[in-house]
Amino acid sequence: MPLRNKYEKRLISYKALLNTISESAVYTDISFIIQSWNKAAENIYALTEEQAIGQYLFTLTDFSIVNGSVEQVLESIHITGFWTGEALIEHANGKELNIYISINPINNENGDLIGYATVSKDITETVKAKGSITTLQTLFNAFMNHSPALSWIIDDEGICHYFNDLYLKTFHLSAEDIGKHTNQLFPKEIAEEFLENNAIVFNTSRPLEFIEKAVEPDGKIGKYKVLKFPLDLQGTKKYMGGVAINITSELEKQEQLSLSNERFRLVNKATDDHIWDWDIETDKITIDNFDSDETEERSWHTLEESLSKVNNKDRERISKSLSKSINDPFTQYWEDEYSTLSNDGSYRTVVDKGYIIRNADGKATRMIGAQHDITELKALQHKLVKQERSKQKEMVKAVMDAQERERLEIAYELHENVNQLLTTCKLQMQSADLYANDKMYFSRISSLLQNIIDEIRSISHQLNPANIETIGLIPTIEDIVSKINAAGKLKLDFHFKKIAITDRFNKEIELVIFRIVQEQLQNIIKHASATHADISLQRNKAMLCLHIKDNGKGFDLSNTQKGLGLTNIISRAAYCGGNVAIKTSLGKGCKISVNLPIRPSTKLD
């Protein structure tokens, strides 16, 4: 009994000692049946000692060996006598724990295997921390290797500790060059400048920008815009990070642009046109004064300010025209004409031309152009056109006056002389007794003479439309239509709208319309081979609109010279400030449309 008590006290002491350690301590027999279980084991596996004693170790809980299986663990113990590794278990609170396990054999004094000691430690937080560090490292490398800038880390002794992929590729380096001194990687003059600027950053302990040179892959010297910044790391050694972008082409473009601007200024001084430069992105338009210092006096204005000077009638059109040209990536030039307010308060007519500069995406970024004053030119053109129209009008009027005088004279001669002679002849024939007994003979002579009289009277009326003055335009046209319909060769229809039959217009307008109708009907009868024609006349606000359409054979207007008939029609309409449109084609008849202002600027006397 004293010996048993001694062992029991020793076991109690051992158990008390195991409960003080933070790791799970489990004793099993050689079949891995649990014999003892400390407090740390209760915390990790969420089982009390009473629940665990007598249970098989590997089925005690949801047990998963990392990168292996329970069978592989048992095989390892059978071969080597021990096993260490990681396992995943599901805690009672539902969380998954990472457990580090070490299983070692227990031998008695004779060296015989009597069981196993299993020590477990919760390493969940350690695994998470390692995972976070690995994730951050992966993110850092991914970010740096996809950066459009060259990136590196170097210490205060000039030893290079990191290069991103772009840096290695740009200077034909490899990962083996990491850890080397700058002098080993670059030519002396390049390395010296690089290290001198590094020293400035280390001494000032603040980020600084530099323009540094470097040897490009093709052997040429390139220029880089560099940002260097100190890294706040613990330890005695100092580290610095750097990023750089190649600005060689940008500097060359700036130099070329400077030369172009100089030429631009010289051209501006040599021309009377207003040269302008519009920075579309900042909406600043500079006109002429390209040498001024903006810090001293504002020498630019916005698009809205420029458009405010454009005449109201042109402003919206110019704004839309500009917007359309700028937004179309395929448009390179813009040009328009408009009226704008000058410095003296008067409006000037200008032609504005601009060249659109676009970026690689086709977006307009800048526009350079010239504004040319054409006010005097437009005035001169207007004067010449007015003089030409005046001359044409005078010529047409002279021709029309001559035609009217000639027709009046012919009409007078036919009526007063020929008609009287024929009438006398008729009277004489009627009183003659030579054929007193031949009534049929005298009847035929009388009828013939009467027809001659009627024909002469008709010619007289055509040459001198006295009916217009007495009965008006509409009845006069109806009279012509009635006579042609009576002849039976051509069917005519006449319609008038928004005009009363008693309405009267300026004498000149009525005469011109009558002559145009008369002229076109003669053209149809002589040349069209038509069976039907339609005449319509209507008032449209301050215009009289005349349409004459036939179903004749038509003609090719593009290949046909205008005959005298059409020329007379066009000349008469032009004389009254009107216009004529002709629509025709082979086999589809002809339609003429005449538009005349109701109150023309001149009158026929």
Side-chain angles (χ1 to χ4, degrees), residues 3-139 141 175-176:
L3 182 62
R4 182 178 179 182
N5 291 337
K6 179 180 179 181
Y7 282 126
E8 286 180 353
K9 289 181 180 180
R10 184 177 296 176
L11 288 173
I12 293 172
S13 299
Y14 287 157
K15 187 173 183 180
L17 177 63
L18 290 175
N19 285 333
T20 62
I21 64 176
S22 60
E23 288 83 5
S24 165
V26 178
Y27 167 67
T28 68
D29 60 16
I30 59 175
S31 299
F32 296 103
I33 301 300
I34 300 173
Q35 302 299 316
S36 70
W37 188 264
N38 72 344
K39 291 292 185 181
E42 292 184 0
N43 295 332
I44 292 177
Y45 296 99
L47 294 172
T48 64
E49 183 177 14
E50 290 77 11
Q51 292 173 319
I53 297 297
Q55 299 291 327
Y56 182 57
L57 176 65
F58 296 109
T59 59
L60 188 64
T61 185
D62 188 3
F63 209 83
S64 175
I65 303 299
V66 177
N67 298 324
S69 64
V70 172
E71 289 75 14
Q72 290 173 327
V73 171
L74 295 175
E75 183 178 1
S76 176
I77 294 173
H78 177 72
I79 296 172
T80 64
F82 67 93
W83 177 83
T84 59
E86 292 184 29
L88 296 175
I89 66 169
E90 185 174 347
H91 195 270
N93 60 11
K95 292 183 178 181
E96 189 176 66
L97 300 181
N98 292 81
I99 307 299
Y100 178 79
I101 301 175
S102 175
I103 301 177
N104 293 283
I106 300 176
N107 299 311
N108 60 17
E109 296 175 353
N110 298 324
D112 299 326
L113 178 66
I114 61 172
Y116 294 95
T118 302
V119 178
S120 304
K121 182 179 181 180
D122 185 353
I123 59 170
T124 304
E125 296 302 323
T126 302
V127 171
K128 288 182 179 180
K130 287 182 178 180
S132 297
I133 293 173
T134 302
T135 300
L136 289 174
Q137 182 67 35
T138 302
L139 290 174
N141 290 333
E176 296 178 357

* Structure fact -> Closest non-hydrogen atoms of N38 and A25, given as atom of the first, atom of the second and distance, are OD1-N, 3.0 Å

* Would you say Y100 and T84 make side-chain contact, with heavy atoms under 4.5 Å? -> yes

* Side-chain contact, heavy-atom cut-off 4.5 Å: E86 with I123? -> yes

* **Any donor-acceptor N/O pair, E42 side chain to E49 backbone, under 3.5 Å** => yes

* Between A40 and E23, which heavy-atom pair has the shortest distance, and what is it? -> CB-O, 3.2 Å

* Over 12 foreign heavy atoms within 6.0 Å of OH, Y56 -> yes

* When rounded to the nearest 0.5 angstrom, what distance separates CG in L47 from CD1 in I53? -> 11.0 Å

* Closest heavy-atom contact between I114 and Y27? -> O-OH, 3.3 Å

* Output the distance between atom CD1 (I33) and atom OG1 (T28), rounded to the nearest 0.5 Å. => 8.0 Å

* Looking just at side-chain N and O atoms, do S120 and Y45 make a donor-acceptor pair shorter than 3.5 Å? -> yes

* **Distance in Å, I77 CD1 paired with Y116 OH, rounded so as to fall on 0.5 Å steps** => 6.0 Å

* Side chains of W83 and I101: does their closest heavy-atom pair fall under 4.5 Å? -> yes

* Mark yes or no for whether D122, through its side chain, and S24, through its backbone, hold a donor-acceptor pair below 3.5 Å. => no

* Interatomic distance, K121 atom NZ to T126 atom OG1 [nearest 0.5 angstrom] -> 6.5 Å

* Structure fact -> Heavy atoms of S102 and N104 approach each other most closely as OG-ND2, 2.9 Å

* Within the distance-only criterion (no hydrogens, no angle test), does the side chain of Q72 pair as donor or acceptor with the backbone N or O of S69 below 3.5 angstrom? -> yes

* Asked: Are any of the side-chain heavy atoms of I89 and I44 separated by less than 4.5 Å?
  -> yes

* Tell me, yes or no, whether the heavy-atom count around Q35 atom CD, taken from other residues, nucleotides or ligands under 6.0 Å, exceeds 12. => yes

* Asked: Rounded to the nearest 0.5 Å, what separation is found between the CG atom of N110 and the CG atom of N108?
  -> 5.0 Å

* Starting at CD1 of I34, measure out to CD of Q55 and round the result to the nearest 0.5 Å. => 7.0 Å

* To do: Taking atom CD1 of I30 as the centre, report whether more than 12 heavy atoms of other residues, nucleotides or ligands fall under 6.0 Å from it.
  => no

* Would you check if F58 and V73 make a side-chain contact, meaning some heavy-atom pair closer than 4.5 Å? => yes

* Asked: Okay, side chain of T124, backbone of N98: is any donor-acceptor separation there less than 3.5 Å?
  -> yes

